[in-house]
Protein chains: 2
Amino acid sequence: MPKTLSIQTKNPGNTPELIAASLRTAILQGRLESNQPLRQDQIAELFGVSKIPVREAMVQLRAEGLIEFAPNRGFVVSELSPAEVEEIYVMRMALETKALERAIPKLRSADLIRAASVLEISETEEDRSQWGELNWEFHSTLYQAAEWPRLLNTIRVLHNNVGRYLLIYLGGLSARDASQAEHKKILQACQKRDVDRAVKILQQHLSRASRRLVVFLCDQGDHTIKGVKS
Amino acid sequence: MPKTLSIQTKNPGNTPELIAASLRTAILQGRLESNQPLRQDQIAELFGVSKIPVREAMVQLRAEGLIEFAPNRGFVVSELSPAEVEEIYVMRMALETKALERAIPKLRSADLIRAASVLEISETEEDRSQWGELNWEFHSTLYQAAEWPRLLNTIRVLHNNVGRYLLIYLGGLSARDASQAEHKKILQACQKRDVDRAVKILQQHLSRASRRLVVFLCDQGDHTIKGVKS
DNA sequence: TAAAGTATAATCGTATACGATAATTGTCAA
DNA sequence: TTGACAATTATCGTATACGATTATACTTTA
């Protein structure tokens, strides 16, 4: 369990939502590891609330696939098998290409500027825990122009699911530089309104990330099958 | 509010799940209409439980997009605008073609027989509230062979979201016959392991349903913008 | 009458409490 | 020592209760 997840002062939103957001970030940043049990009492105390809003937050996170549930045993942080990572990338490819296709003709210069500045910030960002967030910022800045909010949200959920693992694998600087270079190419194609080229690079970008991630997870010492150590 | 949603005898599963399943079915079958508020006390009493498992069920259904939530105002059954229906069909097309592509080479004869028998049953099924379920049975029988459970689940959620509306529009017998004919063609292509043809027909099937549904919703007396009558 | 304000009722949100279930530890016999 | 069983502890699941919020009905006043 991390030292502290978040301490709220008042209640400026709704409580289960705030708790879900805090836990979500902790999982994405790798501060909560796979298979780690989430104790309701403990988390409730951490946030200074009872178990009830905590459980609602967890039902939400379970629906997003970030945690798993077993009756009377509680919730644990999900672990993805290489096969599941592949599956998620198949879905991302199918959905993100649709989003990008529709977004490109609708991109405003403000969107392009924003995407470019996110890339710049990424260059100098030292804090690894922020990389996943910046990565999402870049992609979502482009996709949101499609004005398909449900699609964007589904993509976000899928992105979050691989987020933790992406973080580990981007740890290698060469992988990160390659990823950055691909982002720049995608942005250039967007600026030229070259849909086919942008989509093609995006596909390469995702399938490369998928392959690297799968290799990483397979090499990764533990040959784990869905949380059951062999 | 319908007469009865479901009366449980014991607790053979976990309670919020059972409640969610029951409400989900009620929404899919059109027994709970769009914008109808879901009163926690009332539903709790209906199931003979307190509000707490009811709220958890609702958080789950909200995550699936079937109901919406406003703090201190509670939950209401979602209403889809024509634009949202289109969006969902774009997503379905992107995802279902991937599922079908991968499934076809892996389809076992048992799967094909099952799909065929679902179509047969559909022919004779009088009860309209079952059509959505049978429709899903047919599609999911084909898709599950892909062995991508997350993808299948996401498709199911999307299917559920348009389920109610589909039900209304399939009310017209000609539309239903057309849909059945397309299903048969898809199945034939699957039997011949003709991936390209099957995918092509599936795309037509979905885009036709989408167009018809959008037209239907636009004609549909009420020119409603996200629940706010104009 | 209509707008504004107030009182009442309906509903929500969750802290507390407690029985139910699972995990852990301790005990005993083989 | 080790396996089976019992006792203990930890944790879960939710019914109850109650304050907080919102909706509705009822005044009051201009």
Side-chain angles (χ1 to χ4, degrees), chain A residues 1-2 5-23 26 32-63 66-78 226-229, chain B residues 1-2 5-23 26 32-33 35-63 66-78 227-229:
Chain A
M1 191 60 63
L5 284 167
S6 143
I7 285 120
Q8 70 182 18
T9 50
K10 270 292 172 56
N11 196 343
N14 91 328
T15 315
E17 215 57 72
L18 290 173
I19 296 168
S22 178
L23 292 173
L32 288 171
E33 291 182 0
S34 296
N35 298 315
Q36 174 159 358
L38 299 173
R39 299 296 168 207
Q40 301 171 11
D41 295 333
Q42 188 181 350
I43 291 166
E45 198 179 5
L46 213 55
F47 287 95
V49 298
S50 79
K51 285 189 295 190
I52 284 145
V54 171
R55 284 180 59 90
E56 285 183 18
M58 287 181 175
V59 172
Q60 173 66 35
L61 294 176
R62 179 187 56 170
L66 292 177
I67 68 181
E68 285 166 17
F69 171 76
N72 280 310
R73 312 259 247 91
F75 297 85
V76 300
V77 178
S78 302
K226 276 296 270 175
V228 180
K229 310 273 180 183
Chain B
M1 192 61 62
L5 284 168
S6 143
I7 286 121
Q8 70 184 18
T9 50
K10 269 294 173 53
N11 198 344
N14 91 325
T15 315
E17 215 56 74
L18 289 172
I19 296 168
S22 178
L23 292 173
L32 288 170
E33 290 182 1
N35 297 315
Q36 174 159 357
L38 299 173
R39 299 297 168 206
Q40 300 171 11
D41 295 335
Q42 188 181 351
I43 291 166
E45 197 178 6
L46 214 54
F47 286 95
V49 298
S50 79
K51 286 189 296 190
I52 284 148
V54 171
R55 284 179 59 91
E56 286 183 18
M58 287 181 174
V59 171
Q60 172 67 34
L61 294 175
R62 179 187 55 171
L66 292 177
I67 68 181
E68 285 167 17
F69 172 77
N72 280 310
R73 310 258 250 89
F75 297 86
V76 300
V77 178
S78 303
V228 181
K229 310 274 180 184

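As a basis for the values below, the full set of heavy atoms in this structure was taken, side chains included, without hydrogen atoms, waters or symmetry mates. Lettering follows sequence order; numbering is per chain, from 1.
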Taking CZ from Phe47(A) and C1' from dG13(C), how many angstroms apart are they, rounded to a whole number? 17 Å
Are Arg55(A) and dT14(C) close enough that a side-chain N or O sits under 4.0 Å from OP1 or OP2? no
Measure the distance from CD on Glu45(B) to P on dC12(C) and round it to the nearest whole Å. 13 Å
Phosphate-side-chain proximity, Ser50(B) and dA15(D), N/O vs OP1/OP2 below 4.0 Å: yes
Do the side-chain N or O atoms of Thr15(A) get closer than 4.0 angstrom to the phosphate oxygens (OP1, OP2) of dG13(C)? no
Length of the line joining Asp41(B):CG and dC12(C):P, which is rounded to integer Å: 6 Å
Interatomic distance where CZ belongs to Arg39(B) and C1' belongs to dT24(D) [whole Å]: 12 Å
Please give, in whole Å, the distance from dT14(D) C1' to Lys51(A) NZ? 9 Å
Starting from P on dT14(C), measure out to CG on Asn72(B) and report it in whole angstrom. 8 Å
Using heavy atoms to find the nearest nucleotide of DNA chain C for Pro71(A) and Phe69(B) separately, return the residue whose nucleotide is more 5′. Phe69(B)
With rounding to the nearest 0.5 Å, note down the distance linking CE in Met58(A) to CG in Leu23(A). 6.0 Å
In whole angstrom, give the distance that lies between atom CD1 of Ile52(B) and atom P of dC12(D). 15 Å
Please determine if a side-chain N or O atom of Arg73(B) lies less than 4.0 Å away from the OP1 or OP2 oxygen of dT11(C). no
Roughly how far apart are Glu45(A) CD and Ser50(A) OG, rounded to 0.5 Å? 12.5 Å
May I have the distance from Glu17(A) (atom CD) to dT14(C) (atom P), rounded to whole angstrom? 11 Å
How far does CZ of Phe75(A) sit from CG of Leu38(A), to the nearest 0.5 angstrom? 8.5 Å
So that I can tick it off, tell me whether Arg62(B) and Glu68(B) are bridged by a salt bridge, with the cut-off set at under 4.0 angstrom between side-chain N and carboxylate O. no
